[in-house]
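Here's the structure, in structure tokens; my notes come after.
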Amino acid sequence: MAQEIAKSTGCLVEEAEQALQAENNVVRATKMIAYEIDLRRKRYVPVLSPIWSRYAPGGATTTDYDGTIELVRDLGVELDDEVVLALAYELQAPQLGVFAKLPYIDGWARWSCSDLPAMIKATSVMKHKIKENRAYFGRVYRYVFPYIVSEGQRMLPIDQAVAYWTLLLVPRYAIAERWIAFMTEKNYSVSRDTWNMALVFFEYAQNDPTLAEYDENLAWPAIIDDFVDSVRDHPS
Amino acid sequence: MSLPRATDIQGTWEYIAKGVEIIMVKDLAKGGLTTEMYMNMYTAIHNCCVATSQTPAPRSSAALGSSARTSQSQLLGGDIYQRLKDYLIHHLEHLRRDAEHLVGIDLIQYYNQCWLRYTMGAKYLDHIFSYINRHWVKHERDEGGRQSGVYEVSVLCLVLWRDYLFTSLSQALVEALLQQIESSREGNPAQVTPLQLAISSMVSIGLDDQNSKRTSLSFYTKNFEEPFIEATAAYYMAESQRYLNEHGVVEYMRLVDQRLQEEHQRVAMYLHPNTEERLISVCEKVLIEDNQEIIQDQFIVLLSANREEECNILYRLLSKVPHSLEPVQDMLTTYVEQQGLLAVDALIAEHEGIPEPRVYVSTLLKVHDHFDELVKKSFGSSPGMLKAVNTGFTTVINQNLIARPADKNGNRAKDSKTPELLARFSDSLLKKSSKNADNVDVESSLAGILRLLQFVGERDAFEKHYTRLLSRRLVHQTSANQEMEISMVSRLTEVCGMDYTNKLNKMFSDITMSTEMQQQFKQHNPYPSVEFTPIILADGFWPLPHQKVEFSLPEKLQKTLERFLVFYEEIHSGRKLKWLWNFGKAELKVNFAKSSRSGYVLQVSVFQMVVLLLYNDTTVLTIDEIIEKTGLPAELAIGALTYIVKAHILKQTPAAAPLGAPGTEYSLNKDFKSKKMRINLNLPLKSELRHEATEAQAQIQEERNMFLQTVIVRIMKARREQNHASLVHETMEMAQKRFSPTTRDIKKAISALVDNEYLKREGTDQYVYLA
């Protein structure tokens, strides 16, 4: 339900969930969100449009490659910094390397940023948040899959998955390298379910590093069962 | 003696009392009451009751009160009634006094004697006093109900017996009875009649408070049954301990068996039938239930010693106690498992490896027969015990060392080989072969296979292998007996279901239709240059992989083939034919050898034929020439050469080079010699066989995965939403008929469906169906 509201209004899924909880009624929740967004847009579209047009000249509603690079550089971050993914999430970037105008404005409006310095400040808050807040990291992580997967595809090629896992998971989870090695060796493509459940599994493994208590009767994807087998067969 | 005056109550009683004395006390054998006296007594009572109606005799104020509303004649009956009652009480006290010094059987005998005499007298009294019964007693009871303390004379007699005689004697009497019973349990012959009489008297005097004409068992239960049951429990408790210590469990079981029979008889002889249930249940509790573990522990000992009779006793005893057979069933399952697995291990040891399927099957059948027989003989064909055997046997069939051989690290194979072995054995039975001369043998072996099949967990694997082998028999015409084939298929329906056998039947009908068509083609083409017998198979029903091979058919054959295609197009216009060249075979008559004038017949594959026909024009060819002229892929050409060279029909130069190596030459061996006139060169290559078996196994895996996915989708379609554990459980249940999937198998299927967006994960362990 929350996802449908998010899709129709352009808000974040988390916002939709909150609204649903508060209203307990889909129609009212949708209306409330649409009203808020409308208010924000009235105020922020005039202010933010000129900034946007620096990255997407000629009235374009999406950025091209150069525009994207400039947009990110202006915020004072490197392209290979994980905060870029948080930005993609906050600004609801539709696909890898592309920002779109309306989500861009909505995103900054949520952060109440009306000029570049404010945006830079917000970005450094995001940088902090993604490091310290596990729930927030989870939201960004789950956003990454649809963000980086090619349009119309269900599976992520293993190389691409590995690149992002290396960026996001290796610094955080001890078992991540092992996982990446396993997946690379098997040369499996990665489904959205595998992507999402991998994070759930890593969280689990924090409390059970030897995986002694892992129960394959639970709803773990079969691929994670296989991984646990291989860890158990060759503990190192 | 004249009748007393009707108004003279005392006189009337005295007149009657003499008769009463005769009725109750006198030895009737020496002449009882005369008819006249009987009549007189009756009349006297009648007169007395009727005549005094005008002068009411004072009895009690309560009685007076009631008399105001009713005829007074009935009041007088009360005086006579009271006098009779007094007399009876007096009489009973006298009887009781005489019993005081008696014990044991003497007491019982005396009691019975009194009882018989007393009850007989009571019957007469009831008749003589029937006028009072009908009027005064009835009136009093109607008025006062059961509080009145007034009874019909027959009942009065019983009440008084109970209150003035039995109550004071009961303790001694019951003690005496129990003593007698114990003594009979000790093996002393008991006198049945005295016991029966005394005990039944207790039923007779158990009057129902609600309705004096009925007896109630509660009096008997309280006074006799309860002490009896208690004594029984105590007796058997002591005996079971003693006997177990002295004679051991097996003898004890025999004793219990015998004791239970005795107690049943005891009820029939002298107890009230109602006691049976309580008696037997207390015996079963004390004798069996309280010792059930000791008895259960004996089971394996008896079983391994093959002591069928004792097994039977043990089974019968334990089956009387709820749940006590459960441990025995578990033991039986384990025992069957052990024995079955040991039998297979022994078989492997004896043959120093895997024996042929025939021996394997007969060993399994022997194990099954043995336990089947055991269930019939020793366990009365009990469903519970049969289930225990079957559970154990299922493990034997699917888990033994031949079914799941261990590799060198001791890891057991994942999939059972039993289905394949059963299929291969049926193939060897149904194939043309000198070994299967006897049809009866074949029949019974097939029946054995079907029997084992019921226990095979991976039935789908059997189906796969059976179809594959059947298709080979049909296509290669190696089936020995069409009737036997069809009867086997119809029997497979019971085990594998219609869906499966329908497919097989389609294969048979393809063959029949092809035979008809071959006839038609022969008529159509009466003078063929070569014999050509095409078989047309329906696509999708035959597990015969189509291998697309380009090669050039010799001209002669090509013409026949084209003629056939035209013919076929005429009957079935528009159908597309794919030739399964790799399943084709041919017979060639050859005359090149000097050793035989009549020549030889070679049975060859199509590819071998193509190669050999080249030698009609020449006697020597290089490998490259063979490949070029036949147009066959190198691999197939070399494969075709394998057995031709092995049989020395073609000679390779240089001989030492590997088959088909560049530059090798193959020349016709004119010195070829063979004892047989027909030589079969169409043998499967070892690599092909291995490939086929692994292929089949892979297909089975793939089909299982698809099957599981179908099942899951079906469940989710109905449920829309389901949590992980229930989904796995339900899928497991539904798949069970075909094979036993592991949790992992099911999880793989679920993952595949989630990845392909048929299902969506909600939270961490909930799935939602995506239409």
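All values below were derived from every heavy atom in this structure, side-chain atoms included, with hydrogens, water molecules and symmetry-related copies excluded. A, B, ... follow the sequence lines: proteins, then strands. Residue 1 opens every chain.
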Open item on the list: Looking at B/K464, I'd like to know if its NZ atom is crowded, meaning that more than 12 non-hydrogen atoms belonging to other residues, nucleotides or ligands lie closer than 6.0 Å.
Closed with: yes
Task: Validation row: B/D755, A/D193 side chains within 4.5 angstrom (heavy atoms) - done: yes
Task: A/E177 atom CD, over 12 foreign heavy atoms within 6.0 Å - done: no
TODO: Quick one: closest heavy-atom pair of A/M197 and B/T764, and the distance?
DONE: CE-O, 4.1 Å
TODO: Considering non-hydrogen atoms only, spot the tightest contact between A/D226 and B/R744 and give its length.
DONE: OD1-NH1, 2.8 Å
Open item on the list: Check whether B/R761 reaches the backbone of A/N196 with its side chain - one donor and one acceptor, N or O, closer than 3.5 Å.
Closed with: no
Task: Part of B/N756 within contact of chain A (heavy atom distance under 4.5 Å) - done: both
TODO: May I ask you to check whether over 12 heavy atoms, not counting those of A/K129, lie within 6.0 Å of atom NZ?
DONE: yes
Task: Residue part contacting chain A, namely of B/V754, when any heavy atom lies under 4.5 Å - done: side chain
TODO: Please report the closest heavy-atom contact between B/K747 and A/E216, naming both atoms and the distance.
DONE: NZ-O, 2.7 Å
- [ ] Please check if atom CG in B/D539 has more than 12 non-hydrogen atoms from other residues, nucleotides or ligands closer than 6.0 Å.
- [x] no
TODO: State whether the number of non-hydrogen atoms from other residues, nucleotides or ligands found under 6.0 Å of A/Y136 atom OH is greater than 12.
DONE: yes
- [ ] Return the minimal non-hydrogen interatomic distance between B/S751 and A/A222, and the atom names on each side.
- [x] OG-N, 3.0 Å
